[in-house]
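Since the structure comes first, as structure tokens, the remarks are kept for the end.
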Number of protein chains: 2
Amino acid sequence: MKNQQSVPYTEDVDLLSFDIFKSLTEEEVEELNQITICTLHKRGSIVYNEGSRINGTYIVVKGIVKIYKTGFDGKEQIIRFAKTGDLIGFRSVISNELACTTAKIIDETVLCYIPGEELTKLLKENSEFAMALMKLTCKELGEANKFLTDIAQKTVRERLAEVLLLLMDEFELDEDNTLQISLTREELANMVGTATESVIRLLSEFKADKLIELNGRKIKLLNIPKLIKVGNVYI
Amino acid sequence: MKNQQSVPYTEDVDLLSFDIFKSLTEEEVEELNQITICTLHKRGSIVYNEGSRINGTYIVVKGIVKIYKTGFDGKEQIIRFAKTGDLIGFRSVISNELACTTAKIIDETVLCYIPGEELTKLLKENSEFAMALMKLTCKELGEANKFLTDIAQKTVRERLAEVLLLLMDEFELDEDNTLQISLTREELANMVGTATESVIRLLSEFKADKLIELNGRKIKLLNIPKLIKVGNVYI
DNA sequence: GCATACACATGACATATATCACATTTTTAA
DNA sequence: TTAAAAATGTGATATATGTCATGTGTATGC
């Protein structure tokens, strides 16, 4: 909890470049541009906390936001990462509940804030936008169900392999086949739903099996087909 | 896979009695009544299968439907139970994806089918209805996230206690404090995300600890406060 | 630049839970 | 009603994974 969580962000943001706003009319985008407030957040700062009231939603313009729940013993469970173009916080606005997750910046991030009233106004006035957001939510729900099944049925080893592949899909590899996102071992553990030590050990095993190469937090995928096999990932 | 999965259901159904349709106008309900086709399904029949294309949604008029995913080794993971007033299948219609779950009848059930076009038409024309459905989806998403965290972090014992309490909330107790829904041990295991034998053993332990009383598939909750404690359930 | 707090790594150990095997009981269908 | 198929229950056993302890390396802030 630092004092300065965010600073104003003055550069121009083109909201229309984000898929979710594609269905808005010119006037609606214009209005949105007037209303939104953009801020720059640095690593570690909290956007909102589980249990707090959220009065609006944020669109991620740039950067990465970690969305997680805190288990009753204080352990984090990472639900997802939001990146450029993703909306965060809207779930609570729409269901009118307290935030059920915490959003924490893990890479310097630019966020634009859209007040809840503006969001609901758009949803009411523009059914296409409403459908787009609904589609998004439904997709997320589908993913959540899949993830649930995996955690319930797969071994830690399988889940770790799967998480690496998921990170590849979400954040791409660089020319060197290295994951663009770098997470701590603890964060990986909090995605997989296991202990940090287990992740460390399994990563070493994967390395020994020539599936990956490790360089600090950088993970290079050496053998993706085999990772798919290890993770029992069916596409 | 029996030949006769369902038979027509002729009795009158009052769609307006379901919360989700409360926001519809009289004409919309009238139209819906014209269009919907109601059917009676018996225990064990499949409403739709994971991976199949769904062209519409069903409202549960009466009965209980088990919604589950099948893990890669064939093991079921129960996502939720749908009961009177719940919509099933709409997720796939809206996200325009194949069904990501299977819906199976576990108690004689009456379903009314609403074609996808009718659903999307209502969503487009009636923003209040759209908001209601969105609210529902967002709530489900919140629950899915909570469940995910529990499965990832809690012990099987804790989860079983929690599932019993969840079933109490969803299906109520009779005057005798007995759960109104009766599931097989395997189904309980598929909710908790564990092996059937583990559920059997843990239920015996709960019984020995005077938390519950067992009578076939009927489970009587003897000490709810202690169950809450065992499950680390915070409300 | 130094100190302090993390992050990472590895070993030893405990144990919750899965798995297998086999009775017994209950349910289902013919 | 009876046979077959599920579901339930219990014991023995294996093991994946969590936990604790301890050491080294590495950021990070003052």
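Throughout, a chain's letter reflects where its sequence line sits, starting with A, and its residues are numbered from 1.
Distance B:E186 CD to D:dG9 C1': 15 Å, rounded to the nearest Å. Distance, A:L183 CG to C:dC8 P: 10 Å, rounded to whole Å. Summarising the geometry, the separation between CD on A:E158 and C1' on C:dA18 is reported as 13 Å, rounded to the nearest angstrom. Taking atom NZ of A:K42 as the reference point, atom C1' of D:dA27 lies 16 Å away to the nearest angstrom. Counting to the nearest Å, the P atom of D:dG9 and the CZ atom of B:F206 are 15 Å from each other. What separates CD1 of A:I151 from P of C:dT17 is a distance of 16 Å, to the nearest Å. Put simply, CG on A:N215 is 14 Å from C1' on D:dG25, counting in whole angstrom units. Regarding A:R185, its CZ atom lies at a distance of 15 Å from the C1' atom of D:dA27, rounded to whole Å.
Applying the disulfide (SG to SG under 2.5 Å) rule to A:C100 yields no partners; only residues at least two apart in sequence or on another chain are considered. For B:K75, the side chain to side chain contact (heavy atoms under 4.5 Å, CB included) partners two or more places apart in sequence, or in a different chain, are A:Q153, B:D73, B:N190.
Helix bend of the helix from C:dG1-D:dC30 to C:dA30-D:dT1: the angle between its two end axes, each built from five pairs, comes to 70° after rounding to 10°.
A heavy-atom distance below 4.0 Å to DNA chain D is reached by none of the residues of residues 62-79 of chain B.
Close to D:dT8, at under 4.0 Å from its OP1 or OP2, lies a side-chain N or O of B:R217.
With a 4.5 Å cut-off on side-chain heavy atoms, A:L111 and A:V60 count as touching. Counting heavy atoms from C-beta outward, A:I114 and A:I35 have side chains that stay 4.5 Å or more apart.
A:K154 and A:R159 get closest at one heavy-atom pair: O-NH1, 3.1 Å.
Using a 4.0 Å cut-off between charged nitrogen and carboxylate oxygen, B:K66 and B:E76 count as a salt-bridge pair.
Crowding of B:K139 atom NZ: a count of heavy atoms from other residues, nucleotides or ligands under 6.0 Å not exceeding 12.
Here the straight-line distance linking atom CG of A:L173 with atom CG of A:L167 works out to 10.0 Å at 0.5 Å rounding.
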Verdict with reasoning, A:L98 to A:R53, per side chain to side chain contact (heavy atoms under 4.5 Å, CB included)
CA-CA 5 Å; A:L98 299 179; A:R53 176 154 292 285; 3.7 Å; yes
Output side-chain donor-acceptor pairs under 3.5 Å for residues 199-211 of chain A, partner residues at least two apart or in another chain, one line each.
{"residue": "A:S204", "atom": "OG", "partner": "A:I200", "partner atom": "O", "Å": "3.1"}
{"residue": "A:E205", "atom": "OE1", "partner": "A:R157", "partner atom": "NH1", "Å": "2.6"}
{"residue": "A:D209", "atom": "OD2", "partner": "A:R157", "partner atom": "NH2", "Å": "3.3"}

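Ring planes of B:F81 and B:F171: perpendicular class, angle over 60° (limits at 30 and 60°).
A:S204 comes within 4.0 angstrom of sugar-phosphate atoms only, judged by non-hydrogen atoms across all strands, and of no base.
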When you check every protein heavy atom under 4.0 Å of nucleotides 14-20 of chain D, what one-letter string (B, S, -) results, 5' to 3'?
---SSBB
